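Scroll down for the structure; my scribbles are underneath it.
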Amino acid sequence: MLIVQKYGGTSVGNLERIDEVAKRVIKTKEQGNDVVVVVSAMSGETNKLIEYAKYFTDNPPKREMDLLLSSGERVTSSLLAIALTSKGHKATALTGRQAGIYTDNIHTGARIDKIDANKIKSHLKKGEIVVVAGFQGITNDGEVSTLGRGGSDLSAVAIAGALRADLCEIYTDVDGVYTTDPRIEPKARKLDMISYDEMLELASLGAKVLQNRSVELAKKLDVNLVTRSSFNDNEGTLITKEENIMEQPLVSGIALDKNQARVTLRGVKDEPGIAAKIFNRLAKENINVDMIIQNVGLDGVTNLGFTVPENELDGAKKVMYELNASELLEFDPKIVKVSVVGVGMQSHSGVASKAFDTLAKENINIQMISTSEIKVSMVIDEKYGELAVRALHEAYHLDRAE
Ligand code: ADP
Ligand code: ASP
Ligand code: MG
């Protein structure tokens, strides 16, 4: 088999951990597999590098940030190759450029355009273990780019897709995908399987166990994706096509996104084109707008609210002041989004009302709501985020298998 294994920050968090990872990689290799390893930076390293830059300015040049941030993964990939070699195995470490990962030129949030896997293949052919620095690529102009936070998952899936690997294993510090973040709800239950679509929703709505774009790509390229722990040998969670899952529960999981902020414009002119103007400008600035609420207007004015990722709030503020669309602007970073996800919702009613009931019983005010076929999301005060997760987990009986 050809197996791509990705090890996240805590899995390669120090030299002993890298040594443990080397042993696991060698075991996989000695079972007769070809192995490509993708690594993250040591845990905390990327944040530390960002803080270093922030010492000088709040708005460092993105090109230089990419050069800086890509260094974390270079350290772990070369150290792992050194560890493997010291144990008598042939191993080669490659940067994103050397691995042939080509991206667009959106620095710090690049998308992968194509992968030229020839170099990886030629090393595999020689019987070597290939270790690729995750989270990074190269633009057509030869500039170093990074793929956005958590982007090593995407590197691994993209490489698995390009190599048509039999399996892509994402090793992390939890046994797999749980019904909710086990750090918030210790009663959370590990799922044996989850569909790509549900995993994509959970990941997009805050469950950082997998980066959302990696799930999207795994679905598109039909990559067999498994998340599991690098700290034990427990079986992980298979992320797969919906039709492979026999019993589909009504609700699969609860996600909490703490990285959200709310923007409210009061007294906006209620006339055609206003929303287009506001959201076009935000799009032009690459600001990701999520939930949008607009009320029915009264006396020619209306209120408009939307959410953006917290780290894009400053950008959104700037746009709002420039557009001058409302005299009464409100910016609230102290909110979170809690979401209930499950494909079973499509065919059952009452899932959303149960969520609202549950929060009402806890006296938690819902500021915004948005729903899709397979999710219900609610914006609430950040101080109730974890309480809401636990209450919803209980309400849908997620601690026990159906
Ligand atoms: P890595 O550094 O290995 O990429 P991350 O910290 O990015 O690891 O992701 C793993 C973390 O995701 C876990 O430690 C856990 O706290 C969190 N998490 C959030 N939601 C879930 C969930 N539904 N299932 C499992 N883990 C989750
Ligand atoms: N090191 C990067 C981050 O912390 C990428 C990753 O770990 O996947 O976001
Ligand atoms: Mg991660």
Side-chain angles (χ1 to χ4, degrees), residues 5-14 17 21 38-51 65-66 68-77 96 108-110 132-137 145-158 169-194 198-215 226-231 234 236-237 239 251-259 311 336-342 385-386 389 392-393 398-399:
Q5 297 187 329
K6 178 259 172 177
Y7 292 90
T10 37
S11 301
V12 293
N14 55 44
R17 287 298 316 158
V21 166
V38 175
V39 287
S40 287
M42 291 183 184
S43 58
E45 194 59 28
T46 308
N47 286 341
K48 193 176 87 186
L49 294 170
I50 292 172
E51 287 309 309
M65 282 311 284
D66 272 351
L68 177 67
L69 297 188
S70 67
S71 67
E73 271 71 8
R74 292 178 185 223
V75 170
T76 44
S77 56
T108 72
V132 181
F135 177 54
Q136 56 188 274
S145 54
T146 62
L147 308 175
R149 298 308 304 269
S152 296
D153 295 340
L154 180 63
S155 307
V157 169
E169 295 180 311
I170 307 288
Y171 283 94
T172 180
D173 55 5
V174 280
D175 291 353
V177 179
Y178 279 67
T179 46
T180 194
D181 189 341
R183 288 176 207 272
I184 297 176
E185 172 53 278
K187 282 191 252 165
R189 188 168 46 85
K190 191 186 81 186
L191 301 166
D192 296 330
M193 290 187 186
I194 185 167
E198 285 170 307
M199 190 63 236
L200 179 58
E201 286 287 0
L202 284 174
S204 304
L205 295 168
K208 68 169 184 164
V209 60
L210 279 174
Q211 188 233 28
N212 57 353
R213 278 160 56 202
S214 73
V215 182
V226 169
T227 57
R228 52 190 300 191
S229 169
S230 69
F231 293 80
N234 297 349
T237 302
I239 296 97
V251 167
S252 291
I254 314 286
L256 178 65
D257 188 349
K258 296 181 176 170
N259 174 33
N311 57 359
V336 294
K337 183 168 61 181
V338 56
S339 307
V340 178
V341 173
E386 304 205 344
V389 167
L392 291 165
H393 197 268
L398 292 178
D399 55 333

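Whatever order the structure lists ligands and atoms in, that order sets their numbers, starting from 1. This structure is a prediction, so every number in the text was calculated from the model and none was measured. What's counted below: heavy atoms across the whole structure, side chains too, no hydrogens, waters or symmetry copies.
Scanning the protein heavy atoms around atom 9 (O) of ligand 1, the nearest turns out to be Lys208 O, 3.4 Å. Residue, atom and distance of the protein heavy atom nearest to atom 15 (C) of ligand 1 are Asp181 OD1, 3.3 Å. Given atom 27 (C) of ligand 1, the protein heavy atom at minimum distance is Val209 CB, 3.7 Å. Counting only heavy atoms of the protein, atom 23 (N) of ligand 1 lies nearest to Tyr178 O, 3.0 Å. The protein non-hydrogen atom at the shortest distance from atom 11 (C) of ligand 1 is Asp173 OD1, 4.0 Å.
Geometric assessment of Arg183 against the ring of Tyr178 yields a negative cation-pi assignment under the 6.0 Å and 45° thresholds.
At least one heavy atom of Gly176 sits under 4.0 Å from some atom of ligand 1. Not a single heavy atom of Leu202 sits closer than 4.0 Å to an atom of ligand 1. The closest approach between a heavy atom of Pro182 and any atom of ligand 1 is below 4.0 Å.
Inclusion of Gly9 in the set of residues having an N or O under 3.5 Å from an N or O of ligand 1 is warranted. Taking distance alone, with nitrogen or oxygen atoms compared against 3.5 Å, Lys6 stays at or beyond that limit from ligand 2. The shortest N/O to N/O separation between Thr172 and ligand 1 falls below 3.5 Å. For ligand 2, the polar-atom distance check against Asp153 finds no nitrogen or oxygen pair separated by under 3.5 Å. Geometrically, ligand 1 and Asp153 share no nitrogen or oxygen pair separated by less than 3.5 Å. By the 3.5 Å distance cut-off applied to N or O atoms, Gly150 is counted among the residues near ligand 2.
Nearest-heavy-atom check against atom 2 (C) of ligand 2 across Gln211, Glu73, Glu45 picks out Glu73. When Ser43, Gly8, Ala133, Ser40 are ranked by how near their heavy atoms come to atom 7 (O) of ligand 2, first place goes to Ser40.
Ion pair Lys48/Glu51 not flagged as a salt bridge, since none of the NZ, NE, NH1 or NH2 atoms sits closer than 4.0 Å to an Asp/Glu carboxylate oxygen.
Separation of atoms NZ (Lys258) and CD1 (Ile184) is listed at 5.0 Å; rounding is to 0.5 Å. In this structure, Ser230 OG and Asp175 CG are separated by 10.5 Å, a value rounded to the nearest 0.5 Å. In this structure, OG on Ser11 lies 12.5 Å from CE on Met42, to the nearest 0.5 angstrom. Atom CG of Asp257 and atom CG of Leu202 lie 12.0 Å apart (nearest 0.5 Å). Distance NZ/Lys6 to CG/Leu210: 8.0 Å, rounded to 0.5 Å. Distance check: Thr179 OG1 to His393 NE2 gives 2.5 Å after rounding to the nearest 0.5 Å.
When heavy-atom distances to ligand 1 are checked against a 4.0 Å cut-off, Lys6 comes that close only through its side chain, counted from C-beta outward. Using a 4.0 Å cut-off between heavy atoms, Arg183 contacts ligand 1 through its side chain alone, with no backbone atom that close.
In this view, Met65 and Ile50, Ala53, Pro60, Leu68, Leu69, Thr108 satisfy the side chain to side chain contact (heavy atoms under 4.5 Å, CB included) rule, not counting sequence neighbours. For Tyr171, the ring pair (Phe, Tyr, Trp, His ring centres under 6.0 Å) test picks out Tyr7, with sequence neighbours left out.
Ligand 1 places these atoms under 4.0 Å from at least one heavy atom of Thr180: 22 (C), 23 (N). The contact set between ligand 1 and Val177, taken as ligand atoms under 4.0 Å from a residue heavy atom, comprises 24 (N). Which parts of ligand 2 touch Arg149 is read off a 4.0 Å heavy-atom cut-off, strictly below it: atoms 3 (C), 4 (O), 9 (O).
Using modelled atom types and a 3.5 Å distance limit, the side chains of Thr146 and Asp66 yield a donor-acceptor pair. Glu185 and Thr180 share no donor-acceptor pair across their side chains, judged by distance under 3.5 Å alone.
Using a distance-only test at 3.5 Å, with no hydrogens or angles considered, a donor-acceptor pair links the side chain of Gln136 to the main chain of Ser70.
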